[in-house]
Amino acid sequence: MSIQENIREVLSTLPAGVRLVAVSKYHPVEALQEAYDGGQRIFGESKVQEMTTKHEQLPSDIQWHFIGHLQTNKVKYIAPYVALIHGVDSYKLLCEINRQGQRAGRIIPCLLQLHVAQEETKFGFSLDECQQLLDAGEWRTLPYVSIRGLMGMASNTDDMAQVRREFATLGKFFSQVREKYFSDRAEFCELSMGMSDDYPIAIEEGSTLVRVGSRIFGQRVY
Ligand SMILES: *Cc1c(COP(=O)(O)O)cnc(C)c1O
């Protein structure tokens, strides 16, 4: 199946209100162009240099979502154009995004990344840490950052009951956080969860943004 057919197939399973981030990391610009020609406008990348190069080569109405681990010293390269940073995992990073947003003259949309999976290696706040950051309230003083919601990944396991439990934990936490801290901020409305192998479950548990790569573009060659 072609890239465009794969996208159509994924889109046909998404309910209204759920958007598709086509995760194009490690794939050549020709693959992204094919997806673009089929109507796809949101692309997810995980490396700053790669995303910036693709941004320069492809049409300017693409919304570039940064889904990887972002180092503070690289925020400046994507600040002028990034549409959404999914993986904010420290207050320090949030401050740097604010600083670079000011320099670039734009408010940068972000998601706070939570760690609910069992793997040690995944980045993100614990639920407690996230709660503490929001309670501290300093984030309200950052005018060039807009916190749009939360992002998370489930464990990489065949145990779909566990995957569902983790997504349900995120979904519940998202609702609580929205009510407690963002009831006056309608822009807090995105829950980014679900990848190629688990996005249907993520949607059932409340995802609004699914990040699908290999199911669209095929296997990545690293
Ligand atoms: C690579 C990646 C994806 C896409 O994974 P697939 O299994 O190829 O769909 C989604 N989210 C993040 C954070 C990723 O790094």
Side-chain angles (χ1 to χ4, degrees), residues 1-14 18-28 31-32 34-35 40-52 54 62-71 74-75 78 82-90 93 97 109-125 130 148-160 162-164 166-167 169-171 174 190-222:
M1 289 231 298
S2 73
I3 289 170
Q4 291 186 1
E5 285 168 331
N6 292 339
I7 289 180
R8 272 199 294 277
E9 190 165 281
V10 172
L11 286 177
S12 73
T13 67
L14 302 188
V18 179
R19 293 185 299 153
L20 171 65
V21 179
V23 176
S24 48
K25 63 191 186 192
Y26 297 95
H27 292 286
L32 284 77
E34 185 182 338
Q40 182 64 26
R41 290 294 179 271
I42 308 177
F43 291 88
E45 290 283 337
S46 61
K47 297 258 189 297
V48 166
Q49 175 71 58
E50 182 178 349
M51 185 166 86
T52 301
K54 287 173 173 172
I62 289 177
Q63 296 164 42
W64 294 98
H65 285 208
F66 191 79
I67 62 167
H69 179 64
L70 182 57
Q71 292 170 277
K74 296 199 172 157
V75 177
I78 64 173
V82 68
L84 184 65
I85 299 175
H86 287 235
V88 176
D89 61 356
S90 72
L93 178 57
I97 294 169
C110 296
L111 305 178
L112 301 177
Q113 183 174 358
L114 290 159
H115 173 92
V116 293
Q118 287 190 324
E119 288 98 298
E120 289 286 332
T121 53
K122 297 235 166 94
F123 294 101
F125 295 106
C130 184
R148 297 289 172 90
L150 304 177
M151 176 264 202
M153 274 184 261
S155 298
N156 184 10
T157 171
D158 291 333
D159 181 352
M160 286 300 149
Q162 183 184 336
V163 167
R164 184 179 294 280
E166 291 169 356
F167 284 148
T169 298
L170 286 169
F174 172 74
E190 301 287 4
L191 181 54
S192 166
M193 57 183 196
M195 318 191 346
S196 288
D197 291 334
D198 57 18
Y199 77 88
I201 301 176
I203 290 170
E204 286 170 14
E205 300 302 335
S207 176
T208 66
L209 276 177
V210 292
R211 310 178 308 268
V212 180
S214 45
R215 190 177 283 263
I216 292 172
F217 295 104
Q219 289 306 316
R220 289 178 287 273
V221 183
Y222 292 101

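Numbers here are sequence positions counted from 1. Atoms within each ligand, like the ligands themselves, are counted from 1 in listed order. This is a predicted model, so every value here is computed, not measured.
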Nearest protein heavy atom with distance in Å, relative to atom 5 (O) of ligand 1: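 Looking only at protein heavy atoms, the one closest to atom 5 (O) of ligand 1 is M195 CE, 3.6 Å.
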Look at atom 11 (N) of ligand 1 and say which protein heavy atom is nearest, naming residue and atom and giving the distance to 0.1 Å.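 Its nearest protein heavy-atom neighbour is R211 NE, 2.8 Å.
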Atom indices of ligand 1, in the order listed, that fall short of 4.0 Å to a heavy atom of M153: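 That gives atoms 13 (C) of ligand 1.
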Going by the order shown, which atoms of ligand 1 are within less than 4.0 Å of some heavy atom of V212?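 Per the distance check, 9 (O).
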Where on [X] is there a heavy atom closer than 4.0 Å to ligand 1, on the side chain, on the backbone, on both, or on neither?
X: S46; result: neither
X: R215; result: neither
X: K25; result: side chain
X: I67; result: both

The single option from Q113, H65, E190 passing side chain to side chain donor-acceptor pair (under 3.5 Å) against H86: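 By the side chain to side chain donor-acceptor pair (under 3.5 Å) criterion, H86 pairs with just one of Q113, H65, E190: H65.
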Mind jotting down which residue pairs meet the salt bridge (charged side-chain N to carboxylate O under 4.0 Å, His left out) criterion with at least one end in residues 209-221? Sequence neighbours excluded, please.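 Listed once each, the pairs would be none.
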Quick test of your reading of the model: are E50 and K25 salt-bridged, counting only N-O distances below 4.0 Å?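 No salt bridge links E50 with K25.
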In terms of ring plane angle, is the pair H69 and F123 parallel, tilted or perpendicular, where the classes change at 30° and 60°?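 Plane angle under 30°, so parallel.
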Taking both backbone and side-chain atoms of S196, is any N or O found less than 3.5 Å from an N or O belonging to ligand 1?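 Min N/O separation from ligand 1 is below 3.5 Å for S196.
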